[in-house]
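Below you'll find the structure I mean.
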Amino acid sequence: MLAAAGFSSFMALAARADAQLDRGRYLVNSVVACGNCHTPKGPDGKPNGPELSGGEPINSPVFSAYPANITPDMETGIGKWTDAQIIDAIRNGRRPDGTIIGPPMAIAFYREMSDTDVKAIVAYLRQVKPVSHKVAKSTYKIPLPPSYGPEVKSVPDTPRSDKVAYGHYLANGLGHCMDCHTPLVRGRNDMSRVGAGGNTFGAPGGNGVLTSPNLTPANKNGVAGWTDAQVKTAITKGVRPDGGAIVPLMAFAWYKDISADDQDALVAYIRSLKPAE
Ligand code: HEC
Ligand code: HEC
């Protein structure tokens, strides 16, 4: 009997570990899209190199940032980091040696990531294929902050029963959509105008400059006039109602796999944004 009890609790543990890995796989390969920065990509925005082995440099007037190799490689990746150290990097922007991770990694948003989800992401990262690839060091012309705020220690889950609240969580803590879509004032998102857009980005392949659209109802030509299905098509396929393509700065190669429930929650949240110019 004891042996049977031991076996069944082993089975329960294994099932829990499977569910955690599945959750991490879903998140990283859909709404969170760590690979949109950390995986090599082609000009079409689709991954075209070993997963999470280090991405294309991201340039702005104040930095040249090189997204790190976050595969479990022992020398050039994060194979030597403990789970707690990886969680600290994601939510507090701090490496094991105490240095601070710079932009554009959206630490200010990832601070909202729940313990359950950040652990699931770490479980997934652990089993990605290790790739030896040394990535150049980023350079910043601005001083990095000493920290991103009080240390994040524990974050509860957001209940899915509240669609708008869960959509907020998806668009902020998980997907950092609102990082790109909320105006930057002196390098910080002005959250009193969340979703109002207006940030500029170098287009992929150096083809000019893109501006993030205003997603709030103040934009009469934007999502306020679209059906829910049209908003979902824009997010997951990068196609506007008029058939125009949205440039793949957004991670369509990943967002195409956002679940139907999560798409509903994202739309509910976007619809709840206060009008902001
Ligand atoms: C918007 C682009 C972007 C996204 C999305 C992003 N990162 Fe990063 N990340 C970076 C950049 C750029 C750096 C290097 C910053 C620096 O050099 O200070 C970095 C650094 C890191 C580091 C530090 C690695 C080291 O060796 O120093 C870890 C760990 C990390 N990211 C994990 C993640 C995970 C996990 C996700 C998804 C939850 C993620 N990142 C999403 C851009 C991004
Ligand atoms: C890296 C920055 C970035 C991230 C992250 C991002 N977006 Fe975008 N988004 C943009 C830009 C830039 C455009 C416009 C691209 C263009 O002009 O072709 C855009 C376009 C859109 C549009 C079309 C709106 C319109 O009026 O044309 C929607 C809807 C949208 N994003 C929603 C989202 C959602 C939801 C997420 C998160 C799941 C997200 N975005 C993540 C930068 C971003």
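When a ligand or atom number is given, it counts from 1 through the structure's own listing order.
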To which of L266, D242, V223, L170 does the heavy atom nearest atom 29 (C) of ligand 2 belong?
V223

By number and element, which atoms of ligand 2 are closer than 4.0 Å to a non-hydrogen atom of V247?
16 (C), 18 (O)

Look at the side chain of Q263 and the backbone N and O of I258, then say whether any donor-acceptor pair between them is shorter than 3.5 Å.
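Confirmed, Q263 side chain pairs with I258 backbone.
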
I'd like to check which ligand 2 atoms, numbered from 1 as shown, lie under 4.0 Å from a non-hydrogen atom of L210.
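Atoms satisfying the 4.0 Å criterion: 16 (C), 17 (O).
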
Just to confirm my output: which protein heavy-atom neighbour is closest to atom 7 (N) of ligand 1, and how far is it?
H38 NE2, 2.8 Å

Tell me if a side-chain donor or acceptor on S30 pairs with a main-chain N or O of Y255 at a distance below 3.5 Å.
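No; judged by distance alone, with no hydrogens or angles, the pair does not exist.
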
Can a donor-acceptor pair be found between the side chains of T71 and D73 at a distance below 3.5 Å?
no

Relative to ligand 1, is V32 under 4.0 angstrom through side chain, backbone, both or neither, heavy atoms considered?
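Under 4.0 Å from ligand 1, V32 contributes side-chain atoms alone.
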
Any donor-acceptor pair under 3.5 Å linking the side chain of R240 with the backbone of T233?
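No: the side chain of R240 does not pair with the backbone of T233.
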
Less than 4.0 Å is my threshold; does some heavy atom of H176 fall inside it relative to ligand 1?
yes

Kindly indicate whether the side chain of N172, heavy atoms from C-beta on, has any atom under 4.5 Å from the side chain of M191.
yes

Looking at D228 and V267, would you say the former's side chain and the latter's main chain have a donor-acceptor pair under 3.5 Å?
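It does not hold such a pair.
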
Please identify which of these residues, V223, V194, N214, meets the side-chain contact (heavy atoms from CB on, under 4.5 Å) condition with L273.
V194

Ligand-residue contact atoms, ligand 1 with A68, heavy atoms, under 4.0 Å:
24 (C), 25 (C), 26 (O)

Is the charged tip of R91 near the ring of Y110: under 6.0 Å from the six-membered ring centre and within 45° of its axis?
no

What lies under 2.8 Å from atom 8 (Fe) of ligand 2, restricted to protein N/O/S atoms, is H181 NE2, M250 SD

Which residue and heavy atom of the protein sit nearest atom 13 (C) of ligand 1, plus the separation:
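The closest one turns out to be P67 CA, 3.9 Å.
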
Option nearest atom 16 (C) of ligand 1 (shortest heavy-atom distance, choices M113, R95, M105)
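Selected option, by shortest heavy-atom distance: R95.
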
Which protein non-hydrogen atom lies closest to atom 14 (C) of ligand 1, naming both residue and atom, and how far is it?
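The closest one turns out to be Y66 O, 3.6 Å.
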
Which residue and atom name correspond to the protein heavy atom nearest atom 26 (O) of ligand 1, and how close is it?
W81 CZ2, 3.7 Å

How far is atom 18 (O) of ligand 1 from its nearest protein heavy atom, and which residue and atom name does that atom have?
G102 N, 2.9 Å

Within the distance-only criterion (no hydrogens, no angle test), does the side chain of Y169 pair as donor or acceptor with the backbone N or O of S114 below 3.5 angstrom?
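Here the side-chain-to-backbone pair exists.
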
Nearest 0.5 angstrom please: I121 CD1 to K119 NZ, how far?
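I121 CD1 to K119 NZ: 13.0 Å, rounded to 0.5 Å.
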
Verify the distance criterion only: is there a donor paired with an acceptor across the side chains of D257 and Y26 at less than 3.5 Å?
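No - no donor-acceptor pair under 3.5 Å links their side chains.
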
With heavy atoms only and a cut-off of under 4.0 Å, state how Y110 meets ligand 1: side chain, backbone, both or neither.
side chain

Output yes if C37 passes the N/O/S-under-2.8 Å test against atom 8 (Fe) of ligand 1; output no otherwise.
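No, outside the cut-off.
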
Taking V131's backbone N and O only, do any of them form a donor-acceptor pair with N69's side chain (distance below 3.5 Å, no angle check)?
yes

Look at atom 34 (C) of ligand 1 and say which protein heavy atom is nearest, naming residue and atom and giving the distance to 0.1 Å.
C34 SG, 3.6 Å

Can a donor-acceptor pair be found, under 3.5 Å and without considering hydrogens, that links the side chain of N92 to the backbone of V152?
yes

Tell me: protein heavy atom nearest atom 22 (C) of ligand 1, and distance?
I101 CD1, 3.8 Å

Is there side-chain contact between E51 and N29, with heavy atoms separated by less than 4.5 Å?
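When only atoms from C-beta onward are counted, N29 and E51 do touch, with a gap below 4.5 Å.
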
Under a 4.0 Å threshold between the charged nitrogen and the carboxylate oxygen, would K232 count as salt-bridged to D264?
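Yes, D264 and K232 are salt-bridged.
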
Considering non-hydrogen atoms of the protein only, which is the closest contact for atom 27 (O) of ligand 2, and what is the distance?
R240 NE, 2.7 Å

Would you mind running through ligand 1 and noting each atom that sits below 4.0 Å from a heavy atom of A65?
12 (C)

Protein contact of atom 17 (O) of ligand 1 - nearest heavy atom, named by residue and atom, plus distance
S138 OG, 2.6 Å

At under 4.0 Å between heavy atoms, is it the side chain or the backbone of W226 that contacts ligand 2, or both, or neither?
side chain

What do you reckon, is CD of E151 surrounded by more than 12 foreign heavy atoms closer than 6.0 Å?
yes

Could you establish whether I90 and ligand 1 come within less than 4.0 Å of each other, counting only heavy atoms on the residue side?
yes

What heavy-atom pair brings I86 and L125 nearest, and what distance separates the two atoms?
CG2-CD1, 4.0 Å

May I ask you to list the atoms of ligand 1 that are less than 4.0 angstrom from any heavy atom of P104?
1 (C), 12 (C)

